[in-house]
Amino acid sequence: MKAIVDCNSFYCSCERLFRPELNNRPVVVLSNNDGCIISRSDEAKALGIGMGGPFFMARHQLEKNNISVFSSNYHLYGDISMRVMDSLRSIVGEKNVEVYSVDEAFLGLDEIDPHELPGLAHRLKETVETWTGIPVSVGIAPSKTLAKIANNIAKKDKQGTGCIHLLLTDPSFHQALKKTRVDAIWGVGRSFANKLIDLGITSAWELSQMPEEWACRNLGGVVGQRLILELKGKPSISLKKELEIKKMITTTRMFGRQVTELSELKEAVATYTTLAAEKLRRQNSAASQIQVFLVSREEDHLAGYHPDNHQSTNLPAATSLTHELIRPAIRLVDQIFKSGQAYKKAGVLLSGLVPDGSIQGNFFSGPSQARDRRLMSAVDNLNYSMRSEMVKFSATGIKKDWKMRQELRSPRHTTRWEELKEVS
DNA sequence: TCTGGGGTCCTAGGACCC
DNA sequence: TCTGGGGTCCTAGGACCC
């Protein structure tokens with residue numbers, strides 16, 4: 001058996017922790033750059049605020065309904081997320097928790113007596129809520145995909161289910177499948193859903209009755225095949241181990257305004273490279289390839305890949321050192337940049353990742369490498385313990401006029417001393 | 001005027017090797 | 001005049017997730 005534990009309106013719930021007067025009131029949280037609405041409290045949903053809609057278009061509606069609006073505060077959400085996951089680990093054991101995203105985790109429950117599952121579900125919910133203050137929903141079923149469906153049922157009828165739903169027997173999940181539309185299945189996106197509906201397959205139940213070979217041919221090969229098995233209650237997507245090493249690392253951001261100056265683009269790309277390099281060192285990897293891309297205003301509506309605006313280079317040797325990554329990154333900006341072009345977004349992608357310990361050296365790398373690495377880890381430690389850019393490379397700029405907008409961000413209550421909540 | 005960011009997995013097809 | 005076949009690795013692109 002598998003469980004999924006999912007935080008309800010996670011970002012909104014985090015904001016409410018320090019603003020209890022917002023409980024039972026409508027709240028929304030915006031994406032980076034205050035672009036879209038990415039989290040809504042139940043009250044905001046009830047007022048008709050859509051998911052993923054642009055902030056500027058909803059602004060009037062938000063004001064009219066006196067809805068509280070926050071920019072995203074990832075320092076806060078990341079810290080609260082860790083506490084939620086630690087609570088789950090303390091109940092089912094570290095090896096049975098797969099952190100699936102910032103606000104949800106799959107749990108492996110094969111060692112638990114099925115009779116104890118309802119009690120466990122309640123204990124999970126109550127413990128997380130008591131220890132962290134974040135409300136959660138729990139779904140339990142034989143496979144991950146069915147657990148997701150159970151969780152959706154729990155969330156859809158919070159009063160009726162108490163945010164807990166279990167699908168432990170065949171009849172119970174058959175019933176649930178009949179009530180679930182194909183486009184609501186985990187693993188079925190827009191394109192597969194359209195395809196299925198065109199074929200007259202509208203419910204999860206109908207999909208589960210299709211032959212595996214058919215799914216293999218029509219739903220993305222083994223992915224589709226696994227999906228059918230999962231819907232039948234045969235677990236085919238296993239729990240992933242913690243600490244899997246990422247195979248590529250990217251940092252991309254919109255700018256707060258259009259950027260036309262080469263010098264500003266270089267600052268931004270140097271800043272993103274610094275962030276990506278920190279992520280790289282955190283998992284003890286080194287990169288052997290770096291790619292940079294700039295997105296201009298004009299091509300924004302043309303979705304996808306534009307070779308003109310992407311350049312990549314193979315590094316002479318894999319590295320995790322920020323300055324060895326910034327240099328080639330900036331050269332790539334020079335190659336891509338077109339004078340007179342207005343850019344709205346840039347990104348850095350590190351790939352060809354290898355373990356940092358066993359880097360294939362080359363003729364030209366000298367003994368300074370070891371010293372540089374000690375320097376980097378000192379910088380990381382300082383920045384980590386202060387939770388800020390205590391020490392940084394001058395190439396990343398000082399003023400950062402291009403930085404994204406975050407006009408409505410709440411204080412970083414749990415990660416910055418100077419922003420600690422005061423209670424009098 | 002303003003529409004996020006960061007990932008994963010899988011497949012097809014080309015390059016290359018023996 | 002005749003010109004194989006199987007395997008591996010890499011990359012681009014499509015699909016999906018939160």
Side-chain angles (χ1 to χ4, degrees), chain A residues 4-11 28-40 50-60 62 71-74 77-78 81 98-106 144-145 148 151-152 182-196 215-227 230 236-238 240 244-258 272 275-276 279-280 283 288-289 291 293 295 297 300-301 303-307 310 312 314 342 344-353 404-408:
Chain A
I4 177 105
V5 179
D6 184 320
C7 301
N8 299 342
S9 308
F10 181 55
Y11 295 170
V28 301
V29 176
L30 306 177
S31 65
N32 269 334
N33 217 28
D34 295 347
C36 313
I37 295 166
I38 51 167
S39 181
R40 304 159 298 153
M51 179 66 174
F55 173 47
F56 76 92
M57 280 171 67
R59 199 161 203 157
H60 178 68
L62 293 166
S71 299
S72 32
N73 183 346
Y74 292 109
Y77 311 151
S81 174
E98 174 195 341
V99 176
Y100 180 65
S101 73
V102 69
D103 70 336
E104 58 191 289
F106 285 107
K144 281 184 167 180
T145 308
K148 277 285 212 178
N151 192 285
N152 286 343
V182 280
D183 58 358
I185 303 169
W186 182 59
V188 176
R190 253 240 299 278
S191 134
F192 285 168
N194 288 339
K195 203 163 169 181
L196 290 168
C216 209
R217 262 178 291 115
N218 297 286
L219 285 182
V222 296
V223 177
Q225 194 178 1
R226 283 202 290 246
L227 180 59
E230 285 262 311
S236 306
I237 307 174
S238 54
K240 282 203 203 67
E244 280 198 12
I245 304 287
K246 301 222 164 68
K247 293 163 188 159
M248 57 161 83
I249 287 171
T250 90
T251 302
T252 30
R253 296 276 188 286
M254 303 267 305
F255 303 130
R257 56 166 168 81
Q258 290 171 43
Y272 303 162
L275 290 170
K279 295 183 200 169
L280 189 66
Q283 65 166 34
S288 44
Q289 203 193 36
Q291 183 180 333
F293 58 92
V295 179
R297 261 196 92 208
D300 176 45
H301 56 283
Y305 182 82
H306 305 281
H310 288 64
S312 66
N314 291 312
K344 53 176 295 184
K345 182 178 180 173
V348 172
L349 191 155
L350 303 178
S351 55
L353 305 192
M404 66 179 175
R405 286 190 295 267
Q406 274 193 320
E407 285 156 10
L408 308 163

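Each chain gets a letter, A, B and so on, in the order its sequence line appears, and its residues count up from 1. Values in this document were obtained by computation on a predicted structure and should not be read as measured data.
Residue contacts for S72(A): at a heavy-atom cut-off of 4.0 Å it reaches no nucleic acid atom on any strand shown. Contacts of I249(A) with the nucleic acid, taken as non-hydrogen atoms under 4.0 Å apart, involve only primed sugar atoms and P, OP1 or OP2. Residue contacts shown for V102(A) are absent, as no nucleic acid heavy atom lies under 4.0 Å away. Contacts of N32(A) with the nucleic acid, taken as non-hydrogen atoms under 4.0 Å apart, involve only primed sugar atoms and P, OP1 or OP2. Looking at heavy-atom distances under 4.0 Å, I185(A) makes contact with sugar-phosphate atoms alone, never a base. At the heavy-atom level, R190(A) lies under 4.0 Å from the strands shown only through sugar-phosphate atoms. K144(A) comes within contact range of no nucleotide atom at all, as no heavy-atom separation falls under 4.0 Å. Among the heavy atoms of the strands lying under 4.0 Å from D103(A) are primed sugar atoms or P, OP1, OP2 only; no base atom is included. No engagement by F55(A) is indicated, since no non-hydrogen atom pair under 4.0 Å with the nucleic acid exists.
Closest to the side chain of M248(A), out of dA15(C), dT8(B), dG5(B), is dT8(B). Proximity note for K240(A) (side chain, C-beta onward) versus dC9(B), dG4(B), dG6(B): the nearest is dC9(B). Residue R253(A) has its side chain nearest to dG6(B) when only dG6(B), dC16(C), dC17(C) are considered. Here the nucleotide nearest the side chain of Y100(A), chosen from dA15(C), dC18(C), dT3(B), is dC18(C). Looking at the side chain of W186(A), the nearest of the listed nucleotides dG4(B), dC18(C), dC16(C) is dC18(C). The side chain of K279(A) sits closest to dG6(B) out of dG6(B), dG5(B), dC2(B). Taking every side-chain heavy atom of K246(A) into account, dT8(B) is the closest of dC18(C), dT8(B), dG6(B). The side chain of S191(A) lies closest to dC16(C) when the candidates are dC16(C), dT3(B), dC10(B). Comparing dG6(B), dC16(C), dT3(B) against the side chain of T250(A) picks out dG6(B) as the nearest. Proximity note for S101(A) (side chain, C-beta onward) versus dA15(C), dC10(B), dC18(C): the nearest is dC18(C).
More than 12 non-hydrogen atoms from other residues, nucleotides or ligands lie less than 6.0 angstrom from CZ of R257(A). Within a 6.0 Å radius of NZ in K247(A), no more than 12 heavy atoms belonging to other residues, nucleotides or ligands are found.
In this structure, Y77(A) places its OH atom 14 Å from C1' of dG5(B), rounding to the nearest Å. Regarding F106(A), its CZ atom lies at a distance of 13 Å from the C1' atom of dT8(B), rounded to whole Å. The distance from atom NZ of K345(A) to atom C1' of dG4(B) is 7 Å, rounded to the nearest whole Å. Remark: P of dC9(B) and CZ of R226(A) are 9 Å apart, rounded to the nearest angstrom.
When the side-chain nitrogen and oxygen atoms of T252(A) are compared with OP1 and OP2 of dG4(B), none of them lie within a distance under 4.0 Å. Residue K195(A) places none of its side-chain N or O atoms closer than 4.0 Å to OP1 or OP2 of dG14(C). Contact annotation: K344(A) does not reach the phosphate of dT1(B) (side-chain N/O to OP1 or OP2, under 4.0 Å). Here R257(A) does not reach the OP1 or OP2 of dC2(B): none of its side-chain N or O atoms lies under 4.0 Å away.
For the pair Q258(A) and G221(A), both in contact range of DNA chain B, the more 5′-proximal nearest nucleotide belongs to Q258(A).
For dC17(C), the paired base is dG6(B) (Watson-Crick or G-U wobble, both distances below 3.5 Å).
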Practice task
Give the intermediate values and the outcome of side chain to side chain donor-acceptor pair (under 3.5 Å) for residues E230(A) and S236(A).
Solution key: CA-CA 6 Å; E230(A) 285 262 311; S236(A) 306; 4.7 Å; no
